[in-house]
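Since the structure comes first, as structure tokens, the remarks are kept for the end.
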Amino acid sequence: MTTFTERASAILPGGVNSPVRAWNGVGGDPVPLAKAKGSRVTDADGTEYVDLVGSWGPAILGHAHPTVVQAVQEAAADGLSFGATTTREVELAEEIRARYAPAERVRLVSTGTEATMTAIRLARGATGRDVIVKFAGCYHGHSDSLLVAAGSGLATSGVPDSAGVTKGTAVDTIVLPYGDEEALTDAFAEHGQSIAAVITEAAPCNMGVIAPPRGFNRLISHLCTAEGAVMILDEVLTGFRAGPSGYWGVERDEDLAAGVEPWQPDLVTFGKVIGGGMPVAALGGRVEVMSQLAPLGAVYQAGTLSGNPVATAAGLATMRLLTEDVYARVSESADALAGGVSSILAEAGLGHAVGRAGTLFSFFLGLADAPVSFEDASGQDTAAYARLFHALHGAGVYLPPSAFEAWFVSQAHREEDLARVLDAVAVWAATEA
Ligand code: PLP
């Protein structure tokens, strides 16, 4: 009999529509999922799992929140797509700005890739310069200039960049080790007048979760301002997930508590949470820069489905449900899992480090210290992670199928969900010890 993977692979390259879903990082055949509700996903065979993938970030409220589902149903009944501006798009953009002051103007798009790709074009158009600086292990989607030393699925499959990206594109991308202030300062000293933008994940989450060294984002902001370049802060994953104002908000609050003036990005990209599981992403930033986008300015960007009414309804309903209580809950669950798993591993004598940025976290098995760079993160024991993944899958827990991804919790995770995860980790740890 043909297995699902055989059938899928006979029509979809690799059996999937996005590489990390193929389980190349952990081995084995992925089981298709059929539905999701709250903290749980159910596969096509009817087995239910505690979900720690959360659709790779959007499901911060838990899956199929009734209010979000109702908003989608009502919007769908009013028409699936108009190709004209709607009130809801304006409301979603206003909701984003109200929570994230540097997003003075907002352009809605459909994917994180589009948001970062547009940010790069806008930075080049605004500065008249070509060179982009990015950091090894930071993933910003799959547009050509950003597929150089990217993390995420590329980290998992060990491909540092992609075939099909021209040498010319790669030449205009300078890749630096993450967190290396000296390398960044030197790059500006050498290429300052050619640098259009520095793009960075607000906190890297695609090489495992990495807490940015204190002052690193501020230094990027400072150098960009001093040299006339644009700082692009990629909050596609961290935005409205790491905290109520993304990871930028985490650092802003720390700065304010320390009596320091917060730093500001020039452009910022969002995705995932702002669509609540539907295809919505956005680019935001300073008025002067954003005003260079068409139709106001000379930098072209467009989208048939941008600001789609049904997708926007899901995003708006999600954002409006994101109260302080939700973040407190998500944060408590993150503490319980990050701390609980770490204690179990430590008691079993299994060396590991915990990466943590706001409510986001991941584990680096086999590392003594939390990594800062992709080089550090690459030293983790991915084979041990694959064993952990399969052990937990067998125990009804759906972990990210790669050691280089964050574990995502939602407000819907309850004590019994966390207990199932911790029990399964304890059983696995006993077999490994
Ligand atoms: N930027 C970051 C930080 C991401 O984590 C991702 C996706 O995981 C993207 C950009 C690309 O977003 P999308 O997959 O919606 O194109």
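One-based numbering, in listed order, for ligands and for the atoms of each.
The closest side-chain donor-acceptor pair between H191 and S194, if any, does not fall under 3.5 angstrom. Between R121 and Q301, the side chains place no donor N or O within less than 3.5 Å of an acceptor N or O (distance only, hydrogens not considered). Using modelled atom types, one finds no donor on one side chain facing an acceptor on the other under 3.5 Å when comparing W248 with E235.
Selection from V20, T113, N206, I199 by nearest heavy atom to atom 5 (O) of ligand 1 gives N206. Of the options D234, L237, V280, T111, the smallest heavy-atom separation from atom 1 (N) of ligand 1 is shown by D234.
Of all atoms in ligand 1, numbered sequentially from 1 with element shown, those under 4.0 Å from a heavy atom of G141 are 9 (C), 10 (C), 11 (C).
Proximity of a side-chain donor or acceptor of S55 to a complementary backbone N or O of G57 within less than 3.5 Å is not detected.
The pair E104-R286 fails the salt-bridge criterion, with no side-chain N (NZ, NE, NH1 or NH2) lying under 4.0 Å from an Asp/Glu carboxylate O.
Ring-centre distance between F135 and F216: below the 6.0 Å cut-off.
For Y139, the heavy-atom gap to ligand 1 drops under 4.0 angstrom.
The N/O atoms of G112, backbone and side chain alike, include one that comes under 3.5 Å of an N/O atom in ligand 1.
With a heavy-atom cut-off of 4.0 Å, K272 touches ligand 1 through its side chain alone. Contacts of E201 with ligand 1, taken as heavy-atom pairs under 4.0 Å, involve the side chain alone.
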